[in-house]
Amino acid sequence: MSSLLIKNGHIIDPANGISEVGDVLVRDGKISEIKGNIDTNAEIAVDAAGKLVAPGFIDLHVHFREPGFEHKETIATGAASAARGGFTTVCCMANTNPVVDNAVLVKFIRQKAAGIPVNLLQFGAATRGMLGAELAELEGMAKAGIAGISEDGKTVANAGLYLKILIKAKELGLTVYSHCEELTLINGGVPAIAEDIIIARDIMLAEEAGANLHICHLSTEGGVRLVREAKARGVKVTCEVAPHHLFLTRADIPGEDTNYKMSPPLRRKEDAAVLRKALREGVIDCIATDHAPHSAEDKSCGWFNAANGVTGLETAYPVCFTKLVKTGFMSDVELIERLSTNPARILGINKGSLTIGSDADIVIIDQEKKHIINAADFASMGKNTPWSGREVCGDVDMTILGGKVVYKCWARR
């Protein structure tokens, strides 16, 4: 019987209302016991004195690029990046090449993900080839084990087709994850109204279908208002926000630094302030990174031609802890809830907690450790980040997946 004992850590488990110093015992990959002092011999003992012990983070929104774009990221390098960032479960989007729109590709990715240091959940495309013309193989992908449906990177323009997708998703017990962007309103930029219109449309369609809808990478004040109103009237809608939209604005972009180019784009300071408040209030359910690695060539071809997206898995916790918890804006418990408990709830999986008998997916964090973010140190192949060179506080010390240590902090340069 394998065992691991974590001693003297500050245990935070929002799902069970725990925030106290104590020990966590893991046996055969499951949480076995939590209490103030556990006096037992274990194969591995970890002293977590002065550190935070929490459920492993869950990211509803990553791009691992494989198959088809392995020069940007692979499943293996993306998983290493996730583990280094404290994430134990990640949801991969379908905009690969070929697009994940059938059961064969879902099974292929599952095989490629065998043995990686995180739980990888795959989303399936809503339409064939993400072309917005006909339904993808939704039923077959559901049987193959997709965790959701998403056309991320594109919006299904045809409202009638999107309603069919939502109805089918409800039938299959799946949530639809929506990328909201009205392309006819884009003219050299992506104004807030282009996002807000599709958020409004998709909420109305989801309400009509009675389906679960999740709004990806919310970035506007108007979008927050629409989600707040929809929740108030009982629509089954949830949403996420990315760290870059919480803390950066278009005024922060230095010249044409393409590390600040993403979709949706950075907004006004007023939008960022509303997003932070909505996250604290629970209108925004969770934080997701939208981890979007690109090669140097993809980002060094001028602002207009550069690819959209930034990496996020290895910077999410320290950036959010520094800017939300260290400032007193949110508590430790609230931040962990947005990074683990709530994403698990949205996915409907038995993760995101330290419940006795649950999988021992755990992150240990040194909250006092200061370091300067250095993209060159990333495990991800993508070095495209707006956070490089910034000093942050809080660093992942250890990531544990199913009771096995899959990442241990190394000395940063």
Side-chain angles (χ1 to χ4, degrees), residues 54-66 69-70 72-93 95-96 113 116-123 147 152 216-217 240-248 259 262 286-295 299 307-324 335-336 338-340 343-344 347 351-352 361-365 371 373-388 390 392 394-401 406-410 412:
F57 305 146
I58 299 172
D59 195 339
L60 295 179
H61 195 146
V62 304
H63 300 268
F64 280 1
R65 305 303 190 194
E66 189 175 5
F69 302 106
E70 288 85 352
K72 299 173 184 279
E73 189 83 287
T74 66
I75 289 172
T77 60
S81 178
R84 184 170 287 180
F87 289 88
T88 52
T89 298
V90 296
C91 298
C92 286
M93 293 296 168
N95 59 338
T96 50
I116 64 172
V118 296
N119 303 300
L120 187 152
L121 304 179
Q122 181 63 49
F123 286 172
D152 187 71
C216 295
H217 42 51
E240 70 192 40
V241 65
H244 44 270
H245 290 124
L246 284 172
F247 310 119
L248 296 173
N259 286 319
M262 66 281 293
C286 63
I287 296 167
T289 68
D290 193 6
H291 177 78
H294 289 292
S295 67
K299 282 290 194 177
N308 285 311
V310 299
T311 58
L313 286 165
E314 294 170 64
T315 56
Y317 180 81
V319 167
C320 290
F321 175 72
T322 301
K323 294 183 174 291
L324 294 174
L335 179 57
I336 297 302
R338 274 48 162 197
L339 284 167
S340 60
L347 286 166
K351 301 278 188 183
D361 295 349
I362 302 169
V363 61
I364 301 175
I365 300 162
H371 67 276
I373 294 172
N374 182 356
D377 290 339
F378 287 174
S380 172
M381 290 169 63
K383 313 303 178 186
N384 48 304
T385 174
W387 303 112
S388 201
R390 298 173 189 250
V392 288
D395 200 12
V396 172
D397 187 68
M398 184 178 289
T399 305
I400 298 165
L401 180 74
V406 293
Y407 170 72
K408 179 71 176 73
C409 186
W410 47 283
R412 295 184 181 273

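Please read these numbers as outputs of a predicted model, since none were measured by experiment.
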Would you please test V310 and T315 for side chain to side chain contact (heavy atoms under 4.5 Å, CB included) and show each step?
CA-CA 11 Å; V310 299; T315 56; over 6 Å; no
Is there a donor-acceptor pair under 3.5 Å between the side chain of N259 and the backbone N or O of K383?
no
Begin with the C-alpha distance, continue with both residues' side-chain angles, and end with the deciding distance and a verdict on side chain to side chain contact (heavy atoms under 4.5 Å, CB included) for S380 and L313.
CA-CA 9 Å; S380 172; L313 286 165; over 6 Å; no
Listed partners of R65 passing side-chain hydrogen bond (donor to acceptor under 3.5 Å, both in side chains), at least two apart
H294
What's the separation between atom NE2 in H245 and atom NE2 in H217, rounded to the nearest 0.5 Å?
8.0 Å
Find the distance between CZ (F87) and OG1 (T399) and round it off to the nearest 0.5 Å.
10.0 Å
Donor-acceptor under 3.5 Å (K299 side chain, A307 main chain):
yes
Partner residues of T311 under the side-chain hydrogen bond (donor to acceptor under 3.5 Å, both in side chains) criterion, sequence neighbours left out
none
Close side-chain approach of T89 and F57, heavy atoms under 4.5 Å:
no
Just by distance, no angles: are the side chains of S81 and E314 close enough, under 3.5 Å, to form a donor-acceptor pair?
yes
Does the pair H371 and V392 meet the rule for a side chain to side chain contact (heavy atoms under 4.5 Å, CB included), with working shown?
CA-CA 6 Å; H371 67 276; V392 288; 3.6 Å; yes
Quick one: does R338's side chain get under 4.5 Å of V241's, heavy atoms only?
no
Could you check whether any side-chain heavy atom of L120 comes within less than 4.5 Å of a side-chain heavy atom of F64, counting everything from C-beta outward?
yes
If you compare all heavy atoms of A83 against all heavy atoms of V396, which two are closest, and at what distance to 0.1 Å?
O-CG1, 4.5 Å
Candidate pair S388 and T385, rule side-chain hydrogen bond (donor to acceptor under 3.5 Å, both in side chains), full reasoning
CA-CA 6 Å; S388 201; T385 174; over 6 Å; no
Do you know the tightest heavy-atom contact between A292 and N384?
O-ND2, 3.0 Å
With sequence neighbours excluded, what pairs up with T88 under the side-chain hydrogen bond (donor to acceptor under 3.5 Å, both in side chains) test?
none
Looking at every non-hydrogen atom in both residues, tell me the closest pair between H63 and P293 and how far apart they are.
O-CD, 3.3 Å
Option passing side chain to side chain contact (heavy atoms under 4.5 Å, CB included) with I400 (candidates I364, V363, V406)
I364
side-chain hydrogen bond (donor to acceptor under 3.5 Å, both in side chains) filter on E240, not counting sequence neighbours, yields H61, H214
Let me see the working for E70 and T74 under side-chain hydrogen bond (donor to acceptor under 3.5 Å, both in side chains), right down to the final yes or no.
CA-CA 5 Å; E70 288 85 352; T74 66; over 6 Å; no
Rounded to the nearest 0.5 Å, what separates atom CG in L60 from atom CG in D152?
11.5 Å
Please name all residues satisfying salt bridge (charged side-chain N to carboxylate O under 4.0 Å, His left out) with D290, sequence neighbours left out, ordered by chain then number.
none
Name all residues meeting the salt bridge (charged side-chain N to carboxylate O under 4.0 Å, His left out) criterion together with K351; count only those two or more places apart in sequence or in a different chain, and write none if there are none.
D359, D361
Is any side-chain heavy atom of R84 closer than 4.5 Å to a side-chain heavy atom of F378?
no
Is any side-chain heavy atom of P243 closer than 4.5 Å to one of I287?
yes
Hey, does the side chain of T322 reach the backbone of P318 with a donor-acceptor pair shorter than 3.5 angstrom?
yes
Rounded at 0.5 Å granularity, tell me how far NE2 in H291 sits from SG in C92.
9.0 Å
Looking at CG of L347 and SG of C286, how far apart are the two atoms once the value is rounded to the nearest 0.5 Å?
8.5 Å
Answer whether the closest heavy-atom distance between the side chains of L335 and C320 falls below 4.5 Å.
yes
